[in-house]
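In this text the structure is predicted, and so the values were computed from the model without any measurement. Residue numbering restarts at 1 for every chain, and letters A, B, ... go by the order of the sequence lines.
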Number of protein chains: 2
Amino acid sequence: MPDLVDTLVNERPSALQTSFLAHKLVAHRNVHDADARHLDTILRRNQRTVEPGTPLMELGSPHSEIHIILEGWALRRKIMPGGASQIVALHLPGDICEFNAVLGTASDTETIAVDRVRAGTISARALNELATHPRLSRALWLEAMASGSIQRQWFANIACANAASRMAHLLCELELRLDLMGASQTQRGGGRLFACPLTQMHLGNAAAMSVEHANRTLAQLRRQFGLVARNGQIEIGDLPALQAFCGFDGSYIALETNNRALAMAHN
Amino acid sequence: MPDLVDTLVNERPSALQTSFLAHKLVAHRNVHDADARHLDTILRRNQRTVEPGTPLMELGSPHSEIHIILEGWALRRKIMPGGASQIVALHLPGDICEFNAVLGTASDTETIAVDRVRAGTISARALNELATHPRLSRALWLEAMASGSIQRQWFANIACANAASRMAHLLCELELRLDLMGASQTQRGGGRLFACPLTQMHLGNAAAMSVEHANRTLAQLRRQFGLVARNGQIEIGDLPALQAFCGFDGSYIALETNNRALAMAHN
DNA sequence: CGTTATGTTGAGCTCCCTCAAGGTTGGTGG
DNA sequence: CCACCAACCTTGAGGGAGCTCAACATAACG
């Protein structure tokens with residue numbers, strides 16, 4: 001089993017050749033190969049590595065550049081009045097971090113690397129120059145809109161659903177987002193497997209529940225839907241059942257992307 | 001008392017002369033008078049009226065224009081799997097609705113008028129032409145960023161706080177947003193008064209609690225902070241205490257606006 | 001002046017939090 | 001190679017915040 005797992009996981013596009021973001025833009029956002037390669041060139045030119053637990057972007061400091069995650073996960077969190085911290089967004093490989101930075105405003109949140117993150121940087125100026133690649137430019141704005149859409153969905157989710165549904169929904173969303181990047185693999189038996197460096201503490205916090213309850217909830221999902229979280233990987237045994245359980249509808253992420261491809265991927 | 005109330009409320013900028021949005025952009029977003037007048041001209045040119053309970057924007061239909069509320073309130077809601085509906089955002093006079101529409105994507109939400117709404121329309125093309133007014137254009141994007149910031153704050157709020165804090169935070173936010181538009185008035189005794197067409201059902205739904213609990217919570221806030229909601233108006237007797245109670249910090253809305261003015265307004 | 005929406009209050013129940021105590025894993029140094 | 005330590009995971013018991021159901025009061029409205 002581990003052999004197969006490794007094989008499949010390593011089949012994802014090498015970040016040095018085609019970034020996760022480029023894969024998604026081509027496969028699901030109607031961007032041409034040439035434009036995607038252009039983007040990758042920019043990203044490859046200006047990279048940085050951020051250690052686990054270290055900030056990608058600090059609170060309050062204005063930026064004039066955006067970061068695109070090439071490898072690793074980051075979380076965006078808000079420090080609450082009492083001193084607690086709340087995860088308000090998760091940034092996966094291929095995601096754009098703090099798009100609002102293009103306006104140079106101070107941020108209300110901080111972005112922290114979960115595992116080791118490698119990120120490409122695009123300055124506000126370089127971003128403006130992308131106007132010569134209208135489809136690409138539009139696709140990047142689409143990503144920004146999608147992240148707003150995700151934010152609304154997170155809100156509605158924890159406002160309405162119980163703990164099990166919330167956690168299930170979060171997992172379904174992560175799976176779909178990774179799938180769009182080509183980073184979720186089908187297993188023998190139809191399960192889906194992806195790498196995920198989040199601890200139960202992270203998952204619980206993002207789904208608005210205590211660590212203990214996150215643990216119990218994950219145990220329940222394991223029993224009902226064959227959910228296995230081990231060694232930084234998550235396998236969802238019966239994804240369609242899990243989606244049905246929490247009423248997951250991925251169109252809030254897919255947006256206008258040709259929905260045919262999306263439907264096929266999840267048929 | 002009612003006489004004073006009416007007098008004060010009627011002192012807000014007449015929507016026909018200076019829109020709420022223009023007031024805010026000039027007072028808090030570093031926009032010149034001339035630019036603001038230009039915006040108002042565009043808005044006045046293309047107006048529509050939407051009856052209470054009627055959609056400003058329907059779910060799923062792609063738009064290529066944005067709407068700016070000149071008068072009245074609207075809510076943005078998501079229909080949940082079970083059929084329940086969840087308010088994910090509130091649009092006040094002066095707010096921009098569904099900024100994401102500029103990309104022409106289908107919306108994941110629908111926007112409904114709460115009371116009678118008068119809205120100005122800006123087509124995507126007219127929006128592009130605003131590039132000749134860089135400060136204005138930038139200010140509009142700032143508004144879009146602020147609404148994202150509010151969305152994150154809402155999430156963190158209901159994820160972390162108890163019912164009383166959530167409701168208090170929502171009220172503090174509404175007060176500040178209206179104040180930026182010049183639509184919140186100081187009362188004798190230091191209380192703050194503003195018009196608000198929301199029912200307890202709306203407030204409860206937005207703050208993620210049942211109507212009954214919203215009622216009990218509002219009663220508690222009335223006792224503790226002199227909160228009075230009557231006749232479509234809300235008065236917050238002791239705003240600083242209410243803000244302290246829920247740990248409200250309005251900088252997530254104010255963004256880079258000259259914070260001096262903001263601090264003075266709420267000193 | 002009935003009718004409908006909204007506000008108000010009570011009682012019971014349940015989901016989830018908190019506190020507490022292990023157990024397990026992975027990394028580090030002797 | 002083993003001892004140790006620090007995260008992380010797991011399980012239990014008790015309590016409380018807030019939900020649901022049910023009834024009624026009050027206000028808005030034609």
| note | Outermost contacting nts on DNA chain D, any atom under 4.0 Å from chain A heavy atoms, listed 5' then 3', are D:dC8 to D:dA13
| field | A:T111 and A:R76: side chain donor to acceptor below 3.5 Å | value | no
| How would you list, by chain and number, every residue that makes a side chain to side chain contact (heavy atoms under 4.5 Å, CB included) with B:A156, sequence neighbours excluded? | A:K78, A:M80, A:Q86, A:V88
| Non-neighbouring partners of A:R223 that pass side chain to side chain contact (heavy atoms under 4.5 Å, CB included), sequence neighbours left out | A:A219, A:Q220
| field | Positional range of nucleotides in DNA chain C within the contact set of chain A, heavy-atom, under 4.0 Å | value | C:dC16 to C:dG26
| query | Would a distance-only check, ignoring hydrogens and angles, find a side-chain to backbone donor-acceptor pair under 3.5 Å from A:H23 to A:M181? | reply | yes
| Check: A:H213 main-chain N/O paired with A:T217 side-chain donor or acceptor under 3.5 Å | yes
| query | Ion pair present between A:R177 and A:E173, side-chain N to carboxylate O less than 4.0 angstrom? | reply | yes
| said: Check this for me, if you would: do A:E71 and A:R116 make a salt bridge, where the nitrogen-to-carboxylate-oxygen distance has to be below 4.0 angstrom? | reply: no
| task | Could you identify which residues of residues 197-209 of chain A place a heavy atom less than 4.0 Å from some atom of DNA chain C, listed by residue number, or say none? | result | A:A208, A:M209
| message | Taking any heavy-atom pair under 4.0 Å as a contact, classify B:N162: base, sugar-phosphate, or nothing. | response | sugar-phosphate
| query | Between A:N231 and A:S210, which is nearer to the 5' end of DNA chain C once each is assigned its nearest nucleotide? | reply | A:S210
| request: Go through the steps to decide whether B:E235 and B:R192 satisfy the test salt bridge (Lys or Arg N to Asp or Glu O under 4.0 Å), and finish with yes or no. | output: CA-CA 5 Å; B:E235 181 184 348; B:R192 304 226 110 213; over 6 Å; no
| field | Residue list, ring pair (Phe, Tyr, Trp, His ring centres under 6.0 Å) with A:W73, at least two apart or on another chain | value | none
| message | Check the orientation of B:W154 and A:F155. Use parallel for under 30°, tilted for 30 to 60°, and perpendicular for over 60°. | response | tilted
